2 protein chains.
Amino acid sequence: MSLEKLSSNKVYGGELAKYKFKSAALGGLDANFNLFLPTNASESNKAPVLVYLAGLTCTEDNGAQKGGFLGPAAKEGIAILFPDTSPRGAGIEGEDDDWDFGTGAGFYVNATNPKYAKNYNMKTHVTLELPQVLETSGLPLDFKRQSIFGHSMGGHGALTLYLSSETKQYRSASAFAPISNPINAPWGKKAFGGYLLEGVEEAKALYDATELVSRHKGPLHVLVDYGTADNFYKQGQLLPENFLKAARDAGFDEFQVRVREQDGYDHSYYFISTFGEDHVHFHANFLRA
Amino acid sequence: MSLEKLSSNKVYGGELAKYKFKSAALGGLDANFNLFLPTNASESNKAPVLVYLAGLTCTEDNGAQKGGFLGPAAKEGIAILFPDTSPRGAGIEGEDDDWDFGTGAGFYVNATNPKYAKNYNMKTHVTLELPQVLETSGLPLDFKRQSIFGHSMGGHGALTLYLSSETKQYRSASAFAPISNPINAPWGKKAFGGYLLEGVEEAKALYDATELVSRHKGPLHVLVDYGTADNFYKQGQLLPENFLKAARDAGFDEFQVRVREQDGYDHSYYFISTFGEDHVHFHANFLRA
């Protein structure tokens, strides 16, 4: 699992580096990721890790280039890990036919449908494999202090990986325009119907933030932003109102689960960058504790 | 010259809008640009205008998406105008053959070579046409308060349009990794050799920042950043040291012409975004005066 460094850019005093490695979780395919290391990170001062999961059609680059996260992370001394959004080049029939399924659309699940089960294991890739690969590489990262955030499909990933972790792997989770109740939305039904043998029924247990929060025990640290001019919100793909209601019904108040409606914002990285600094600061409260 | 709005995104409380219009300066071709308007801009409180000129191969989108300028501009109440980097679709033989000449590489000159003179007039497009089109459209912009900045070829554009303006159109100029002495650099020689009848000799009078600063009379407000890990700097395409020497020889001190060498930074938008806030604040000093 040795890492190959593909590029390195100095940014805000730190380094944004792109790496490649052969991913066991993704069936031996090459996987890319970006890592931002703040300037003060060292063996004796390992940086906490904030994981950013991107949305449909995106790669490890979108958040790094357009999110507006790196300046705030540099100030807070936080590393940001940017995984890709799916395996690439698996060669499975049909995986490149649609923009909302297959390549660029891994939905951060572990596939149980045999057709996809060898390659489409983004959950294991993000939660287990990348921390292992990075820890063994000797980079100055402290994976005992992790939080996670994401956009759209990546917001779904951040919320579900946070809420479903029995080991409390992440200290906090946040999301921009997350797919918050995918078992009731077209994108989610399509993805789960493809990747999971039991489809939506199987997803209920592991991969639906609204279902997960309704059953959750113990404290939560969650921040969600979505915009009223977001066409995917209007089309019912995101359903943050369902997530909010489930959280309140389960007894989580606005200090534990904060869902903010942002007037006039859409689904783009212009929206994300506007609130990017806010989200990094939110996570810093928990990562530096 | 009526404007067609192609898209609008809310960002940092303001609006980033993309427009299209038929450009007389560019021979009647469609021209796109982006405009960031801060939230407080209105008919009774027109916003000053900071023009951002992008580099080779770029469009009106790169700076808007990756520069990190919009947050600082929103705080300062400054509008940012992002023109394209060349005419597009002129149909001139060979204009799409190279990435450093023709499409995406207008060099902010007015062509005198008849082959290009109908379309390649980015200087007039930026300095005259866009202000006219925007003023007649009724947008709340104050073109009496303009400054200009840019990257690489766009840094060349910003410095030369600032230094060559007899009407003092711009209050200040700044640049990231500018092509600072193009008559002595491969990119510049190629561009001027193509666009200008007299080539480099013609460029000396109008289009070379080092030549212009050496002859300049009157006060200057210039900021330049470049990185020591910039491969184009290492290859002698940028030559900021020539610009700096000419400025000092002409009597401009570090308060009038500041050139900063940034250790370890390269030519990318990661470099630009790191110092983007700095540059917006620099211009705000003059735009708000």
Side-chain angles (χ1 to χ4, degrees), chain A residues 6-18 34-39 58 60-75 80 82 176-177 225-233 261-281, chain B residues 6-18 34-39 58 60-75 80 82 176-177 225-233 261-281:
Chain A
L6 299 178
S7 65
S8 168
N9 299 89
K10 189 169 178 180
V11 58
Y12 292 102
E15 183 194 20
L16 192 281
K18 185 188 284 274
N34 281 313
L35 177 69
F36 172 73
L37 264 186
T39 186
C58 290
E60 70 278 10
D61 287 336
N62 302 68
Q65 294 177 346
K66 300 182 184 176
F69 311 138
L70 304 186
K75 276 187 202 152
I80 307 188
F82 299 90
F176 309 95
D225 280 307
Y226 67 95
T228 59
D230 183 327
N231 284 328
F232 298 120
Y233 165 64
E261 180 182 88
Q262 303 289 1
D263 185 54
Y265 286 91
D266 59 31
H267 204 69
S268 72
Y269 270 86
Y270 292 116
F271 158 61
I272 297 172
S273 63
T274 299
F275 300 99
E277 185 170 6
D278 244 28
H279 282 237
V280 173
H281 287 165
Chain B
L6 300 177
S7 65
S8 168
N9 299 89
K10 188 168 178 180
V11 58
Y12 292 102
E15 182 194 22
L16 193 281
K18 185 187 285 272
N34 281 312
L35 177 70
F36 171 72
L37 263 186
T39 186
C58 289
E60 69 278 9
D61 287 335
N62 302 67
Q65 294 177 347
K66 300 182 183 177
F69 311 138
L70 305 186
K75 277 186 202 154
I80 307 188
F82 299 90
F176 310 96
D225 281 307
Y226 68 95
T228 60
D230 183 326
N231 283 327
F232 298 120
Y233 165 63
E261 180 182 89
Q262 303 289 2
D263 185 55
Y265 286 91
D266 59 30
H267 204 67
S268 71
Y269 271 85
Y270 291 117
F271 158 59
I272 296 172
S273 63
T274 299
F275 300 99
E277 185 170 5
D278 244 27
H279 282 237
V280 172
H281 288 317

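Every chain is numbered from 1, with letters handed out A, B, ... down the list of sequences. Only a predicted model underlies this, so the values are computations on that prediction, with no experimental measurement involved.
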Options B:A64, B:G68, B:G71, B:G67, ranked by heavy-atom pairs under 4.5 Å with chain A, top entry: B:A64

If I take atom OH from residue B:Y12 and atom CZ from residue A:F271, how far apart are they, to the nearest 0.5 angstrom? 12.0 Å

B:S273 portion near chain A, given a 4.5 angstrom heavy-atom threshold: both

Below 4.5 Å from any heavy atom of chain A, which atoms of B:I272 appear? Answer side chain, backbone, both or neither. neither

Could you tell me which portion of B:A229 (side chain, backbone, both or neither) has an atom closer than 4.5 angstrom to a non-hydrogen atom of chain A? neither

Chain A contact via B:D266 - which portion, at a heavy-atom distance below 4.5 Å: side chain

State the NZ-CG distance between B:K10 and A:D263, to the nearest 0.5 angstrom. 5.0 Å

If one checks every heavy atom of B:Y269 against chain A at 4.5 Å, the contacting part turns out to be neither

Minimum-distance pair of heavy atoms, taken over all atoms of A:Q65 and B:Y270: CG-OH, 3.3 Å

